[in-house]
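Inspection log for the structure reproduced underneath, given as structure tokens.
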Amino acid sequence: MPKSAPSTVNRAAPLERIRAVVGDRGMLTDGADLEPYVVDWRGLFRGVTPAVVRPASTAEVAAVVKICAETRTPIVPQGGNTGMCGAATPSPAGTEIVLSLGRMNRIREVDPLNNTITAEAGCILAHIQEAALEADRFFPLSLGAEGSCQIGGNLATNAGGVNVLRYGNTRELALGLEVVLPDGRVWEGLRGLRKDNTGYDLKDLFIGSEGTLGIITAAVLKVFPRPRTVVTALAVVPDPAAAVALLTLLRRECGESISAFELISRLCLDLVFKHIPDTRDPFGKAHGWYVLAELADASEEGPLGAAFEHAMGLAVERGLVVDAVIAGTEAQRRSLWRLRESVPEASREEGMVYRHDISVSVSRIPDFIPTAAAALDRSFSGVRIICFGHLGDGNLHYNAFVPGRRRDNPSDRDATDVFRVVHDIVHRFGGSFSAEHGIGQAKRSELAQYKSALEIELMQMLKRTLDPQGIMNPGKVLP
Ligand code: FAD
Ligand code: ZN
């Protein structure tokens with residue numbers, strides 16, 4: 001892997017040159033101002049930076065990167081800083097600038113006939129959703145951090161979220177990109193085409209590359225007809241196998257209208273009720289497993305409601321559903337979603353949690369859950385498992401609290417023993433140790449452990465080709 005910049009470079013000179021490009025408004029250097037940019041959302045990674053640079057245009061990003069290339073100054077691109085793997089946190093060495101895209105937050109174009117939105121990288125995800133709704137369209141990317149994560153970060157991590165089942169990952173939602181390359185040149189790939197087989201698909205290199213190959217400055221995104229009929233239900237299921245059977249049944253009865261299918265274990269809800277204000281159990285008593293399902297249809301008078309009721313009737317008959325609440329209003333729908341989306345926040349409040357973001361085939365989920373639970377239990381007495389996630393995609397956040405382990409103890413924080421137990425089983429099941437959150441600095445050792453030597457070699461070749469000086473987010477992704 002290319003080495004990061006040598007430590008002999010004069011750091012003062014690039015910073016003054018960068019200030020001349022972005023102005024005082026575009027540069028933070030005071031300790032207190034830097035603080036939010038040097039710690040990750042989970043509070044697990046802390047770095048040091050001489051400056052946070054906040055360019056306001058693609059031309060400014062390009063000029064800054066050119067200076068960095070000339071002076072071999074390493075750059076950490078940063079969006080909303082909500083990532084789960086420390087990918088946007090600078091190293092403790094204090095040599096890397098943070099390049100924050102937050103000021104590049106314009107929607108450049110909405111084209112309802114082409115069903116596309118062109119947005120700058122620093123647009124907050126929720127603002128893009130709103131811009132789509134204003135044009136009577138729907139941008140389906142949706143995740144718990146949508147009020148603060150940015151589309152550039154979503155693209156750079158190929159974020160998943162709750163609607164992947166129907167609309168795909170961020171990769172499937174992007175038609176074109178504008179990218180500042182590590183030498184400061186701008187790749188103008190902002191095409192809104194659904195068909196374009198003119199050689200290698202370059203945008204797919206940058207999507208999911210976690211800022212290691214270039215800086216995404218804008219994207220053309222797909223939008224869809226706005227759902228007018230939405231059915232949201234929280235169902236009690238006897239176990240994960242019943243949940244998978246319910247998904248199959250809903251697919252048969254309601255077709256492609258299923259947009260979200262989330263599994264939630266009781267322990268998740270207990271943490272939400274404990275730590276998140278104004279949340280309550282919609283059922284009279286506790287149950288072991290829940291599914292939050294959402295179905296949506298673009299037509300107002302469609303048969304979706306009837307089809308869903310019929311499917312749920314069958315599910316109850318077959319013992320797949322024990323109880324259910326169906327949202328009757330938008331407020332009720334939001335409060336059901338809040339239960340699901342508050343699980344990461346509630347877990348963070350509870351203490352240090354080992355977060356897994358695994359995927360296996362949907363069919364193997366019912367076997368995976370107890371197998372991993374038994375293995376964790378054997379290795380870590382008293383372990384508590386917070387199992388929830390995007391069951392429809394075979395993606396679970398299979399998180400674990402280990403008694404006595406604390407965030408403020410570095411050896412607990414850096415321990416990989418819990419990962420190893422879970423990821424070895426994932427590997428045996430033919431799954432992925434990082435389904436949607438990426439690698440960052442948190443999972444580099446896992447990449448080295450589970451990716452083949454050939455895959456790692458190909459990734460390193462791409463890195464060297466695009467970023468021969470190794471200035472773009474060094475120390476991330478590659479082992
Ligand atoms: P950051 O954290 O700022 O950066 C992430 C990576 O992208 C870093 O490598 C950074 O260098 C790079 N980057 C950022 N912007 C750019 C750019 N413009 N060009 C190049 N590289 C860039 N993730 C999911 O996939 N699904 C979920 O369901 C989900 N739920 C979440 C719920 C909560 C409560 C939280 C806190 C996080 C959740 N996440 C989820 C993780 C996170 O929100 C996503 O990974 C998100 O896409 C990160 O966006 P960001 O703008 O915060 O990026
Ligand atoms: Zn998720």
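One-based numbering, in listed order, for ligands and for the atoms of each. Along the sequence shown, residues are numbered consecutively beginning with 1. Please read all numbers here as calculations on a predicted model, not as lab measurements.
- Near A159, the atoms of ligand 1 lying under 4.0 angstrom from a non-hydrogen atom of the residue are 25 (O), 47 (O).
- The residue among S148, G79, G160, G83 with a heavy atom at the shortest distance from atom 25 (O) of ligand 1 is G160.
- Here is the list of ligand 1 atoms found below 4.0 Å of a heavy atom in I215: 19 (N), 20 (C).
- Taking every heavy atom of G214 and a limit of under 4.0 angstrom, the matching atoms of ligand 1 come to 20 (C).
- The protein non-hydrogen atom at the shortest distance from atom 22 (C) of ligand 1 is A156 CB, 3.4 Å.
- Ligand 1 has no nitrogen or oxygen under 3.5 angstrom from a nitrogen or oxygen of W41.
- Counted by atom type alone, H423 and Q449 present zero donor-acceptor pairs between their side chains at under 3.5 Å.
- With a 4.0 Å heavy-atom cut-off, ligand 1 is reached by the side chain of A121 but not by its N, CA, C or O.
- Of all the heavy atoms of E345, none lies under 4.0 Å from any atom of ligand 1, so neither backbone nor side chain is involved.
- Closest approach of K463 and L213 over heavy atoms only: CA-CD2, 3.8 Å.
- For ligand 1, the atoms lying closer than 4.0 Å to a non-hydrogen atom of L101 are 18 (N).
- For the side chain to side chain donor-acceptor pair (under 3.5 Å) criterion with H275, the lone passing option out of E350, E345, R348 is E350.
- Shown are the protein N/O/S atoms under 2.8 Å from the Zn ion (ligand 2), given by residue and atom: H390 NE2, H397 NE2, E436 OE2.
- Summary of contacts: the protein heavy atom closest to atom 53 (O) of ligand 1 is G153 CA, 3.5 Å.
- No donor-acceptor contact under 3.5 angstrom links the side chains of Y398 and R355, judged on distance only.
- At a 4.0 Å heavy-atom cut-off, ligand 1 touches H390 through the side chain alone.
- A donor-acceptor pair shorter than 3.5 Å cannot be found between the side chains of D40 and N81.
- Heavy-atom neighbours of R407 CZ from other residues, nucleotides or ligands within 6.0 Å: above the threshold of 12.
- By the criterion of a heavy-atom distance under 4.0 Å, the side chain of N473, and not its backbone, is placed next to ligand 1.
- No side-chain donor-acceptor contact under 3.5 Å links H427 and E446.
- A donor atom on one side chain and an acceptor atom on the other are not found under 3.5 Å apart for Y290 and R340.
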